Amino acid sequence: MPIATINPTTGETVTTFTPATSDEIEAALGRAHRRFTEYRKTSYPQRAEWTRATADLLDAEADEVAAMMTLEMGKTLSAAKAEVLKCAKGFRYYADHAEAMLADEPADPATVGASKAYARYQPLGVVLAVMPWNFPLWQAVRFAAPALMAGNVGILKHASNVPQCALYLADVIGRGGFPDGCFQTLLISSAEVEAILRDPRVVAATLTGSEPAGRSVAAIAGDEVKHTVLELGGSDPFIVMPSADLDAAAEAAVTARVQNNGQSCIAAKRFIALADIYDDFAAKFTERMAALKVGDPTDADTVVGPLATEQGRVDVEKLVDGAVAAGAVVRCGGKRLDRPGWFYPPTVITDITRDMPIFTEEVFGPVASLYRAADIDEAIDIANATSFGLGSNAWTNDMSEQQRFIDDIEAGQVFINGMTVSYPELPFGGIKRSGYGRELSAHGIREFCNIKTVWIA
């Protein structure tokens with residue numbers, strides 16, 4: 001894939017970029033390595049000053065940056081602006097809390113025969129971040145903000161279709177006051193990742209993206225004995241029980257499915273309703289999905305814009321068409337729109353069987369799979385019948401049912417009577433083939449720290 005801005009609304013190439021040369025890559029690694037030796041000694045108040053200044057710039061430039069993001073990957077302008085503002089919030093959160101999160105943790109010295117004993121958090125060094133296009137700023141910021149506040153430095157290898165967003169992030173961090181080399185963007189192909197990750201100056205990596213990409217980075221890092229954090233795909237369940245407010249659940253279900261034009265790892269993708277209320281929920285949900293405005297993401301009334309890439313639409317079509325050919329039923333949508341750009345309509349599909357690829361694979365577009373469950377046990381069984389385990393949603397006003405879902409759903413996150421959302425204050429990540437490690441909260445900032453035990457006689 002060329003490194004280029006291709007407008008998914010029209011399919012037109014806006015601008016292309018020349019990949020970094022081997023000399024430029026070497027220079028960036030050298031800068032990062034040299035910068036870390038000094039940057040790690042800076043104080044938390046100094047880092048916080050630069051971090052807050054970066055947040056201020058994001059707030060001030062939100063409209064301009066949102067337009068750039070919409071141009072590159074097609075999310076609506078309102079969603080793009082909300083993402084920019086969320087990034088500013090993320091920077092401020094770590095500016096406010098990093099020092100306390102990484103404070104020395106004392107142990108009882110008497111129990112270990114010491115006069116003093118504690119754990120100290122120290123930065124690791126140069127961390128490689130391999131990031132996807134679907135939330136081109138937020139997914140990079142949720143690494144960058146805690147990593148920089150911890151005293152690490154970062155090198156960003158972003159997706160090839162969002163080069164302007166990638167360059168902007170390094171630029172705004174620099175303008176926020178961070179010294180040269182603290183955070184650099186390299187416009188490179190995926191083929192360059194292995195050599196960078198194997199370079200001894202790079203000590204760790206984080207990746208958000210597909211399962212194959214995660215496997216590749218994890219294998220290389222494992223061979224080099226380097227720490228990684230992986231946030232991979234998701235096929236999140238959205239369970240609706242008879243005690244739920246069906247109108248509220250149906251409304252939230254639509255947003256949970258079509259957020260970011262359906263291209264979110266934590267978007268609900270498999271909707272499971274109990275038999276008693278299945279028909280009612282299916283009708284409410286399908287009616288709302290069918291009514292959504294699909295169109296130019298720069299229009300204020302557009303709810304669903306185009307998919308980000310042409311291949312992405314091909315992948316969605318393959319799963320839907322294959323399911324229909326095998327007997328599944330499309331309740332709404334199901335066919336690409338006859339217009340320029342990579343549009344695919346909000347779609348609800350039912351009568352899916354477990355032998356269909358759509359049952360097990362992640363659909364990265366505005367397509368909802370709807371299932372009927374006889375009881376709570378079957379609902380949980382369907383929810384867990386996936387290799388993924390990122391987020392999950394369950395709607396019920398029965399306290400015992402809520403506890404069952406909290407205990408028994410196999411996922412890194414469970415949201416009750418609400419849709420899955422990432423918050424700086426809460427740990428974010430998955431289990432099973434959705435990856436390992438955590439981002440955000442105190443757990444996220446500690447991922448790229450050496451937890452050093454200190455014992456003094």
Side-chain angles (χ1 to χ4, degrees), residues 1-6 8 13-33 72-73 125-137 139-140 143-144 147 152-171 181 183-233 263 265 307-315 342 362 364 433-437 448:
M1 177 185 290
I3 300 174
T5 298
I6 303 174
T13 299
V14 177
T15 184
T16 58
F17 294 80
T18 302
T21 64
S22 57
D23 287 344
E24 289 170 333
I25 295 171
E26 171 59 30
L29 289 171
R31 274 193 302 273
H33 181 65
E72 288 207 302
M73 59 75 55
V126 181
V127 183
L128 172 66
V130 182
M131 292 291 131
W133 47 261
N134 56 334
F135 292 92
L137 289 188
Q139 286 177 312
F143 155 73
N152 294 297
V153 301
I155 290 179
L156 172 64
K157 187 280 175 210
H158 219 319
S160 295
N161 60 323
V162 288
Q164 294 187 55
C165 290
L167 292 169
Y168 172 79
L169 185 58
D171 175 69
F183 192 90
Q184 301 174 80
T185 287
L186 283 176
L187 297 183
I188 55 176
S189 70
S190 298
E192 305 288 349
V193 169
E194 179 170 358
I196 294 173
L197 185 50
R198 290 191 185 277
D199 190 290
R201 291 166 292 188
V202 174
V203 298
T206 179
L207 177 141
T208 298
S210 68
E211 186 181 337
R215 287 176 179 273
S216 175
V217 165
I220 297 164
D223 189 50
E224 295 289 337
V225 196
K226 294 181 180 180
H227 181 64
T228 53
V229 170
L230 303 180
E231 191 269 282
L232 308 179
Q263 302 162 122
C265 294
L307 298 185
T309 67
E310 187 173 17
Q311 184 60 50
R313 183 171 66 174
V314 170
D315 293 342
W342 301 314
E362 179 181 24
F364 219 57
R433 291 187 178 176
S434 287
Y436 52 75
F448 296 109

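What you are looking at is a predicted structure, and each value in this text was computed from that prediction instead of being measured. Just so it is clear, the values below take in all heavy atoms, side chains as well, and ignore hydrogens, waters and symmetry mates.
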- prompt: Hey, is the main chain of Gly233 close enough, under 3.5 Å, to the side chain of Glu362 for a donor-acceptor pair?
  reply: no

query: Has the side chain of Lys226 got a donor or acceptor atom that lies under 3.5 Å from a matching backbone atom of Val202?
result: yes

message: Using 0.5 Å steps for rounding, measure from the OG1 atom of Thr309 to the CG atom of Asp315.
response: 7.5 Å

- prompt: Does the side chain of Leu232 come within less than 4.5 Å of Arg215's, by heavy atoms?
  reply: no

- prompt: Quick one: does Glu72's side chain have a donor or acceptor within less than 3.5 Å of a partner on Cys165's backbone?
  reply: yes

- request: Starting from the C-alpha separation in whole Å, work towards a yes-or-no answer on side-chain contact (heavy atoms from CB on, under 4.5 Å) for Val229 and Phe143.
  value: CA-CA 10 Å; Val229 170; Phe143 155 73; over 6 Å; no

task: Dump the intermediate steps for side-chain contact (heavy atoms from CB on, under 4.5 Å) on Leu186 and Ile196, then the final yes or no.
output: CA-CA 11 Å; Leu186 283 176; Ile196 294 173; 4.0 Å; yes

message: How close do Ala4 and Pro163 get, counting heavy atoms only, and between which atoms?
response: O-CD, 3.6 Å

- request: Using modelled atom types only, decide if a donor and an acceptor are shared between the side chain of Gln164 and the backbone of Thr5 within a distance under 3.5 Å.
  value: no

- line: Rounding to 0.5 Å, atoms CG (Asn161) and CD (Gln311) come to a distance of 12.5 Å

- prompt: Say you draw a straight line from CH2 of Trp133 to NE2 of His158; how long is it, rounded to the nearest 0.5 Å?
  reply: 11.5 Å

- request: Return yes when atom NE2 of His33 has more than 12 non-hydrogen atoms of other residues, nucleotides or ligands closer than 6.0 Å, and no otherwise.
  value: no

field: Criterion side-chain contact (heavy atoms from CB on, under 4.5 Å) on Lys157 and Glu192, from CA distance to verdict
entry: CA-CA 9 Å; Lys157 187 280 175 210; Glu192 305 288 349; over 6 Å; no

query: If you look at every heavy atom in Ser160 and Ile188, which pair is closest and at what distance?
result: OG-O, 4.4 Å

query: So which heavy atom on Phe364 is nearest to which on Leu307, and how close?
result: O-CD2, 4.3 Å

field: Thr208 and Gln139: side chain donor to acceptor below 3.5 Å
entry: no

- request: Go through the side-chain N and O atoms of Tyr168 and Thr185 and say whether any donor and acceptor fall under 3.5 Å apart.
  value: no

- request: Return the minimal non-hydrogen interatomic distance between Asn152 and Phe448, and the atom names on each side.
  value: ND2-O, 2.9 Å

- line: Taking every heavy atom of Leu187 against every heavy atom of Ala166, the minimum-distance pair comes out as CD2-CB, 4.4 Å

- request: Taking all heavy atoms of Ala221 and all of Leu197, pick out the closest pair and write down the distance.
  value: N-CD2, 3.9 Å

- request: Can you measure from CD (Glu231) to SG (Cys265) and round to the nearest 0.5 angstrom?
  value: 4.5 Å

- request: Run the numbers on Met131 and Thr206 for side-chain contact (heavy atoms from CB on, under 4.5 Å), then give the verdict.
  value: CA-CA 8 Å; Met131 292 291 131; Thr206 179; 3.9 Å; yes

